[in-house]
There are 2 protein chains.
Amino acid sequence: MFSKATEYALRATIYIAQRSSVDNKLSIHEIAKAIDSPVSFTAKILQLLTPGNKVISAVRGPKGGFYITEQCKKLPVRAILIAMGESEILDKCVLGLNKCSEAKPCPMHSQYKHIKQQLISLFETKTIQQLAEDIDDGTAFLNVKKN
Amino acid sequence: MFSKATEYALRATIYIAQRSSVDNKLSIHEIAKAIDSPVSFTAKILQLLTPGNKVISAVRGPKGGFYITEQCKKLPVRAILIAMGESEILDKCVLGLNKCSEAKPCPMHSQYKHIKQQLISLFETKTIQQLAEDIDDGTAFLNVKKN
DNA sequence: ATAATTAAAGACAAAGTTATCTTTAATTAT
DNA sequence: ATAATTAAAGATAACTTTGTCTTTAATTAT
């Protein structure tokens with residue numbers, strides 16, 4: 001469904017939301033190890049989420065690292081998708097027609113749109129915090145290792 | 001959602017189902033033009049659908065070209081996805097975890113699985129023929145041009 | 001048989017995605 | 001101030017996907 005980059009962004013953000021705070025920042029090494037992603041590539045990806053503290057925050061230097069504000073934890077998952085530039089997946093025609101519309105629908109349009117709508121609403125209503133809490137609860141997991 | 005290759009495969013197959021018959025085969029040029037795809041690339045893609053007349057059929061030489069049998073028209077859309085090797089999209093974890101399961105679900109798992117199930121059932125129940133008929137009916141379209 | 005026409009096969013090129021490595025800049029502690 | 005630590009920035013490489021072009025093989029018509 002999503003690119004590797006977006007998958008890493010989602011996992012990293014959830015991990016940061018679950019483990020970090022302003023005075024317990026996480027290094028890119030810890031994050032990448034935890035979510036099983038390549039370190040440098042993950043660093044690059046997180047740079048898409050940090051400008052203006054859009055989704056997560058980063059500070060350089062000793063005691064630096066990544067964290068997320070309480071405010072940003074309240075953001076819907078879609079905020080990550082938007083920052084990753086993958087929001088159009090949810091607008092695109094299944095057949096790849098750029099002119100697919102209600103007026104000129106592709107032959108999958110009428111059924112596919114309902115499913116797409118559910119995806120949009122899932123990503124719009126589910127917050128980063130909720131995902132992190134599911135892991136805290138032990139009702140969900142980010143990997144196979146013990147949390 | 002799908003790769004360009006799979007989008008072209010879907011569009012091409014629908015076009016062939018709508019316009020071809022055993023004694024009215026379509027050239028790769030006509031198909032590519034109709035579905036607005038690069039000719040040679042489309043030719044390559046259709047080679048994934050022809051072996052053993054899996055989805056469509058092809059014959060070389062004058063009066064040759066592509067067509068689809070009545071039998072293959074009855075195939076679900078998913079047959080195209082399988083031939084294109086894109087069937088795992090519908091199995092994959094949204095977060096890209098390879099160990100995501102009912103026992104160890106990712107934090108999106110429980111909601112995402114229902115949506116995925118609808119996608120699977122859409123691609124499983126919808127046949128190539130049905131899509132072609134929608135175009136015949138004028139209730140659906142493959143492009144912006146007049147049919 | 002020969003020529004014409006069509007898809008198949010194969011080599012290659014361009015672009016995009018994923019990944020690595022090195023250098024720079026910011027911050028902290030000494 | 002200096003050294004240490006951390007993310008940011010930038011260059012580059014590997015791999016995948018998308019796309020093109022040429023040659024070959026099959027089929028038909030003459």
Side-chain angles (χ1 to χ4, degrees), chain A residues 1-13 15-16 20 22-33 35-68 83-86 88-89 96 98, chain B residues 1-13 15-16 20 22-33 35-68 83-86 88-89 96 98:
Chain A
M1 168 120 228
F2 297 121
S3 65
K4 287 262 178 210
T6 295
E7 288 175 359
Y8 297 155
L10 291 165
R11 305 215 295 263
T13 302
Y15 183 76
I16 293 166
S20 81
V22 195
D23 35 41
N24 182 29
K25 306 189 193 75
L26 308 176
S27 76
I28 187 64
H29 299 278
E30 175 182 348
I31 295 165
K33 188 175 178 196
I35 69 169
D36 190 29
S37 65
V39 179
S40 293
F41 189 42
T42 308
K44 273 274 145 46
I45 290 162
L46 294 193
Q47 288 179 30
L48 298 169
L49 307 180
T50 48
N53 300 325
K54 205 187 306 175
V55 178
I56 59 178
S57 304
V59 300
R60 297 198 262 201
K63 300 288 171 189
F66 296 90
Y67 68 98
I68 184 169
M84 294 299 296
E86 280 218 64
E88 27 48 270
I89 281 188
N98 37 24
Chain B
M1 166 120 228
F2 297 122
S3 66
K4 287 264 176 209
T6 296
E7 288 176 0
Y8 297 155
L10 290 166
R11 304 216 295 262
T13 302
Y15 183 76
I16 292 166
S20 81
V22 195
D23 35 41
N24 181 29
K25 305 188 194 75
L26 308 177
S27 76
I28 188 63
H29 300 278
E30 174 182 348
I31 295 165
K33 189 175 176 193
I35 69 168
D36 189 28
S37 66
V39 178
S40 292
F41 190 41
T42 307
K44 275 272 147 49
I45 291 161
L46 294 192
Q47 287 179 30
L48 298 170
L49 307 179
T50 49
N53 300 328
K54 203 186 307 176
V55 178
I56 58 179
S57 305
V59 300
R60 296 198 263 200
K63 300 286 173 191
F66 296 90
Y67 67 98
I68 185 168
M84 294 298 297
E86 281 217 64
E88 24 49 89
I89 280 190
N98 37 26

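Proteins get letters first, then strands, A, B, ... in listed order; numbering begins at 1 in each.
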Margin query: Among residues at least two apart in sequence or on other chains, which ones pass side-chain contact (heavy atoms from CB on, under 4.5 Å) with A/Val39?
Written below: A/Ile28, A/His29, A/Ala32
Next item on the list: Report the distance from atom CD1 of B/Ile68 to atom OG1 of B/Thr13, rounding to the nearest 0.5 Å.
Entry: 6.5 Å
Checklist line | Those residues that, when tested against A/Glu30, pass side-chain hydrogen bond (donor to acceptor under 3.5 Å, both in side chains) (two or more places apart) | finding: A/Tyr15
Item checked: Distance, rounded to the nearest Å, where B/Lys4 contributes NZ and C/dA15 contributes P -> 15 Å
Check: What dot-bracket string describes DNA chain D from 5' to 3', counting Watson-Crick and G-U wobble pairs whose defining distances are under 3.5 Å, with [ ] for crossing pairs and | for pairs to another strand?
Finding: ||||||||||||||||||||||||||||||
Check: Does anyone know the first and last nucleotide of DNA chain D in reach of chain B, 5' to 3', at under 4.0 angstrom to a heavy atom?
Finding: D/dT18 to D/dT28
Notebook entry, point to check: Taking only residues two or more places apart in sequence or in another chain, which ones pass side-chain hydrogen bond (donor to acceptor under 3.5 Å, both in side chains) with A/Asp23?
Noted result: A/Ser21
Next item on the list: Assign A/Lys44 to base, sugar-phosphate, or nothing according to its heavy-atom contacts below 4.0 angstrom with the strands shown.
Entry: base
Next item on the list: Take the protein atom CE of A/Met84 and the nucleotide atom C1' of C/dT17, then report the distance between them rounded to whole Å.
Entry: 11 Å
Notebook entry, point to check: What residue pairs, at least two apart or across chains, pass side chain to side chain donor-acceptor pair (under 3.5 Å) with a residue in residues 53-62 of chain A?
Noted result: A/Asn53-A/Ser57
Note to self: Using the side-chain hydrogen bond (donor to acceptor under 3.5 Å, both in side chains) criterion, which residues pair with A/Ser3? Sequence neighbours excluded.
What the structure shows: A/Thr6, A/Glu86
Item checked: DNA chain C-proximal residues of residues 46-66 of chain A, any heavy atom under 4.0 Å -> A/Arg60, A/Gly61, A/Pro62
Run the side-chain donor-acceptor check on residues 40-52 of chain B: report pairs under 3.5 Å with partners two or more places apart or on a different chain.
{"from": "B/Thr42", "atom 1": "OG1", "to": "B/Ser37", "atom 2": "OG", "distance (Å)": "2.6"}
{"from": "B/Thr42", "atom 1": "OG1", "to": "B/Pro38", "atom 2": "O", "distance (Å)": "2.6"}
{"from": "B/Thr50", "atom 1": "OG1", "to": "B/Leu46", "atom 2": "O", "distance (Å)": "3.4"}

Checklist line | Partners passing ring-ring contact (aromatic ring centres under 6.0 Å, His included) against A/Phe2 (at least two apart in sequence or in another chain) | finding: A/Phe123
Notebook entry, point to check: What nucleic acid atoms does A/Ser40 come within less than 4.0 Å of, heavy atoms only: base, sugar-phosphate, or nothing?
Noted result: base
Notebook entry, point to check: To the nearest 0.5 Å, how far apart are CD1 in B/Ile56 and NZ in B/Lys25?
Noted result: 13.5 Å
Check: Looking at CD1 of B/Ile35 and OH of B/Tyr8, how far apart are the two atoms once the value is rounded to the nearest 0.5 Å?
Finding: 8.0 Å
